[in-house]
There are 2 protein chains.
Amino acid sequence: MSTIYDVARVARVSPKTVSRVLNGDAPVGRETRAAVEAAIDQLGYVPSSAARTMRSNRSGLVGLVTGAISLSPDQPALSGLPDLFIVQGVQRALEAAGMTLLISDTGGRSDRVPELIRTFVQHRVEGIIHVADYHREVSLPKVPQGTRLVLANCFDAAGTPAVVPDDRHGQDQLVARMIAAGHRRIAYLTLSAEMVATGLRVQGYRDALAAAGIADDPALVVEADVPVDDPQAEMRRLAEALDHVLALPDPPTALCLGNDRMAVRAYGMLRSRGLDLPRDLSIAGYDDYRAIAESLYPTLTTAELPYAAIGTRAAERLVALIRGADGAGSAPEKVPGRLAWRASVLPRAPEHQAIS
Amino acid sequence: MSTIYDVARVARVSPKTVSRVLNGDAPVGRETRAAVEAAIDQLGYVPSSAARTMRSNRSGLVGLVTGAISLSPDQPALSGLPDLFIVQGVQRALEAAGMTLLISDTGGRSDRVPELIRTFVQHRVEGIIHVADYHREVSLPKVPQGTRLVLANCFDAAGTPAVVPDDRHGQDQLVARMIAAGHRRIAYLTLSAEMVATGLRVQGYRDALAAAGIADDPALVVEADVPVDDPQAEMRRLAEALDHVLALPDPPTALCLGNDRMAVRAYGMLRSRGLDLPRDLSIAGYDDYRAIAESLYPTLTTAELPYAAIGTRAAERLVALIRGADGAGSAPEKVPGRLAWRASVLPRAPEHQAIS
DNA sequence: CGGCGTCATGACACCGATGTCATGACACCG
DNA sequence: CGGTGTCATGACATCGGTGTCATGACGCCG
């Protein structure tokens with residue numbers, strides 16, 4: 001690997017002049033510049049970021065920690081999937097800011113986080129992003145003085161800058177659109193009640209009902225998932241919840257599920273109960289897990305969990321902090337998701353019109 | 001950020017002695033060691049990897065490039081998903097080897113690869129892993145002298161060390177098991193014929209038939225996917241393929257699909273044609289995309305695409321190269337996937353037994 | 001008891017970039 | 001024509017570790 005001294009020798013100038021050509025921070029004679037550039041090309045010289053880091057105390061690196069999977073309710077089996085979209089969003093924003101991304105994951109053991117952070121500190125990262133696999137509260141060890149920290153898809157009690165999905169708005173938007181399509185009896189089979197998202201989304205669901213002047217029927221909201229990763233138990237719970245709402249005296253015409261996987265299961269269960277989808281019952285998911293939503297028949301109407309945007313915003317905030325902005329707004333930043341309206345919610349004529 | 005000099009001052013020793021304590025590469029007196037360790041703790045000192053890199057020419061970094069998504073047939077919409085499992089596998093293996101992972105992705109533009117590699121070279125990575133989003137041939141720009149390169153989920157014509165899934169064996173294994181379950185007419189609705197995996201898997205399918213002494217009926221093998229990302233066209237193509245095989249004079253009792261997404265679609269299409277699954281027709285996918293396979297009803301029998309293992313093997317090979325092994329075996333290393341036998345393939349009594 | 005090996009430690013140079021300061025050559029201004 | 005400012009360039013020190021070599025104190029061997 002050639003160095004700036006090699007380039008200087010070949011171009012017959014001093015290393016400092018090569019440095020000036022590289023950084024354009026001081027005037028360099030036309031011919032000198034050409035000679036230096038030729039030497040750089042000839043040698044295939046690439047400056048060493050290690051040497052720059054030493055001199056400038058700026059590494060151009062940002063660390064990203066993912067994981068802490070195992071301690072958590074629901075979803076763990078899926079983990080790693082959403083993470084990646086967040087990571088891609090982060091990567092894009094960082095690259096635009098000229099920074100490079102260092103990654104490590106805990107492999108499910110959150111006790112390893114301090115160790116991973118230590119590795120990042122060795123590399124003198126300018127900031128750290130912690131990505132959670134689902135919207136939740138976390139509690140991270142202190143990071144050393146100058147290291148900035150941003151949380152993505154999670155938040156903590158200490159008011160660390162955080163970026164999370166706007167679950168309330170997402171569910172509100174989805175349900176409002178279903179109401180606009182003519183549905184008034186809309187059941188909501190939620191994720192485990194332990195999850196942060198569940199509370200927020202139920203609020204969103206109620207917001208939409210309230211905005212349309214529809215009374216909230218508690219019997220229509222059922223926890224339909226378990227807080228552990230057990231496909232059998234998940235299936236059972238969902239089946240019970242389905243039975244429950246379908247057996248109501250005034251059964252729903254539409255069903256919101258806690259996520260797209262639950263929707264896949266619901267499709268299968270409902271069909272095996274002889275229902276014709278979406279004619280007999282409209283279905284909506286959550287997450288906009290495209291591999292699922294676009295492949296199901298009928299294609300699944302759902303609300304996007306804006307992973308990439310969360311990653312991008314988290315990275316942008318981190319870069320701002322690095323560039324000197326201060327922590328500012330202590331409330332987590334909420335990122336809205338798109339409404340993915342597909343074919344699983346059928347428009348329905350309001351009843352008084354149906355009679356006429 | 002404190003330095004080794006700060007530690008030396010606090011412990012009243014020379015920096016070199018601190019270095020010896022850190023690296024354990026020369027004897028240090030008991031009391032001196034204790035004093036140094038106390039100083040390190042007190043200051044929260046973490047050695048600078050930049051300084052070490054400069055002196056030793058070893059950065060402890062490995063770069064990973066993902067992407068080149070947009071130029072490719074099929075799957076692109078999903079991309080990023082499988083990548084992440086590979087990345088996680090890589091990360092785990094690297095960490096075990098004491099190396100740290102640097103990531104960047106092309107955001108779908110493979111022309112940006114050289115630029116990304118340049119960034120890695122600036123950071124003096126000791127090796128680079130290129131991850132493709134699906135099994136394919138690639139052609140990468142030359143990397144500088146000392147930088148080792150390993151391909152994951154892809155291979156090139158230059159014989160660069162590569163790790164790929166064993167598609168042929170995977171399909172063989174799956175079909176063999178279906179035959180063992182009593183199926184003899186097994187249709188195969190493949191991915192786009194342009195994909196490397198398709199050719200290999202068709203071979204595997206034929207291997208299994210041949211091993212069981214079943215004649216290969218060309219009418220049962222149909223390309224059922226299109227080489228572009230167009231959900232509409234994909235649906236149409238799959239529907240035609242289904243119609244084709246179901247209309248055969250001697251229709252199949254089981255169906256292999258090119259991937260799990262196609263299986264999701266097939267479930268919907270077949271049910272809307274009035275079939276009862278899996279009683280009327282057995283179905284198998286490919287990929288073992290758990291979010292799908294475990295949620296469908298009936299749960300999907302499929303062949304695992306061993307992404308994490310591919311990542312791990314690629315990283316292990318890279319570490320071996322860095323530690324001095326030579327390129328060796330020029331053929332890509334094939335990683336076998338598990339058979340994920342679930343509920344969508346129904347055992348079937350052989351016909352002569354059914355009669356008795 | 002002199003010589004040699006080991007232990008424990010420190011002084012110093014070096015890795016590759018860049019900030020600071022110095023130097024020489026012009027050009028322009030009054 | 002001397003002073004001052006800009007351009008173009010180089011010498012040198014510095015960032016934080018670590019390899020090399022030197023030094024002094026013992027302990028052991030013959």
Side-chain angles (χ1 to χ4, degrees), chain A residues 1-37 39-40 43-61 98 118-119 121-126 144-146, chain B residues 1-37 39-40 43-61 98 118-119 121-126 144-146:
Chain A
M1 188 91 274
S2 46
T3 74
I4 200 169
Y5 296 95
D6 301 326
V7 175
R9 201 173 314 119
V10 171
R12 298 171 179 288
V13 298
S14 77
K16 180 68 225 200
T17 296
V18 177
S19 171
R20 284 191 265 256
V21 171
L22 289 171
N23 299 293
D25 54 358
V28 174
R30 184 167 306 275
E31 287 179 30
T32 313
R33 155 169 283 113
V36 169
E37 279 163 355
I40 289 175
L43 296 173
Y45 166 73
V46 178
S48 155
S49 120
R52 284 184 164 159
T53 298
M54 273 195 70
R55 198 83 220 326
S56 67
N57 251 329
R58 309 211 321 54
S59 64
L61 294 173
R118 212 191 103 92
T119 303
V121 173
Q122 277 191 224
H123 290 280
R124 298 292 188 268
V125 295
E126 298 183 45
Q145 24 31 269
Chain B
M1 189 91 273
S2 47
T3 73
I4 200 170
Y5 296 95
D6 300 327
V7 175
R9 200 172 317 116
V10 171
R12 299 170 180 287
V13 298
S14 76
K16 180 68 224 199
T17 297
V18 177
S19 170
R20 284 191 264 255
V21 171
L22 290 171
N23 299 293
D25 55 358
V28 174
R30 184 167 307 276
E31 287 179 30
T32 312
R33 155 169 283 114
V36 169
E37 280 164 353
I40 288 176
L43 295 173
Y45 166 73
V46 178
S48 154
S49 123
R52 283 184 165 157
T53 299
M54 274 195 68
R55 197 68 179 61
S56 68
N57 250 331
R58 307 198 24 284
S59 64
L61 295 172
R118 213 192 100 93
T119 303
V121 172
Q122 277 192 221
H123 289 280
R124 298 293 189 267
V125 295
E126 299 183 46
Q145 28 28 270

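Model, not experiment: these values are computed from the prediction. Throughout, a chain's letter reflects where its sequence line sits, starting with A, and its residues are numbered from 1.
Here the side chain of A:L22 is nearest to one of D:dG17, D:dT18, C:dT18, namely C:dT18. In the set C:dG10, C:dG16, D:dG17, the nucleotide with an atom closest to the side chain of B:S14 is C:dG10. Looking at the side chain of B:P27, the nearest of the listed nucleotides D:dT18, C:dA8, D:dG16 is C:dA8.
As a whole-Å value, the separation of B:R58 CZ from C:dC15 P is 18 Å. Between the NZ atom of A:K16 and the P atom of D:dA13 there is a distance of 15 Å, rounded to whole Å. In this entry the distance linking CZ of B:R12 with C1' of C:dA8 reads 19 Å, nearest Å. Rounded to a whole Å, the OH atom of A:Y5 is 6 Å from the C1' atom of C:dG16. A:M54 has its CE atom 12 Å from the C1' atom of C:dT18, to the nearest Å. Spacing between atom CG of B:D25 and atom P of D:dG19 amounts to 6 Å, rounded to whole angstrom units. A straight line from CZ of B:R9 to C1' of D:dG17 spans 15 Å, rounded to a whole angstrom. In this structure, the OH atom of B:Y45 is 10 Å from the P atom of D:dG16, given to the nearest Å.
Within 4.0 Å (heavy atoms only), A:V13 reaches sugar-phosphate atoms of the nucleic acid but no base atom. Within the 4.0 angstrom heavy-atom criterion, no nucleotide atom of any strand lies near A:N57. Note on B:T32: only backbone sugar-phosphate atoms sit closer than 4.0 angstrom, heavy atoms only; bases stay farther off. Within the 4.0 angstrom heavy-atom criterion, no nucleotide atom of any strand lies near A:R30. Heavy atoms of B:R52 sit under 4.0 angstrom from primed sugar atoms or phosphate atoms, though from no base atom. Among the atoms of the strands shown, none is found under 4.0 Å from any heavy atom of B:T53.
A donor-acceptor pair is defined here as one N or O able to donate and one able to accept, closer than 3.5 Å; such a pair exists between the side chain of B:E126 and the backbone of B:G60. A donor-acceptor pair under 3.5 Å links the side-chain atoms of A:D6 to the main chain of A:T3, judged by distance alone. A donor-acceptor pair is defined here as one N or O able to donate and one able to accept, closer than 3.5 Å; such a pair exists between the side chain of A:R124 and the backbone of A:V121. The backbone N or O of A:S49 sits less than 3.5 Å from a side-chain atom of A:T53, completing a donor-acceptor pair.
A heavy-atom distance below 4.5 Å is not found between the side chains of A:N57 and B:M1. The closest side-chain heavy-atom distance from B:P47 to B:R52 is below 4.5 Å.
Taking 4.0 angstrom as the limit, B:T17 places a side-chain polar atom (N or O) nearer than this to OP1 or OP2 of C:dG10. A:S19 has a side-chain polar atom (N or O) that falls below the 4.0 Å cut-off from OP1 or OP2 of C:dT18.
The base of D:dG10 lies close enough to the side chain of A:R20 for a donor and an acceptor atom to sit less than 3.5 Å apart.
In this structure, C:dA27 forms a base pair with D:dT4, meeting either the Watson-Crick or the G-U wobble geometry with both donor-acceptor distances under 3.5 Å. The partner of D:dC26 is C:dG5, by the rule that a Watson-Crick or G-U pair needs both atom distances under 3.5 Å.
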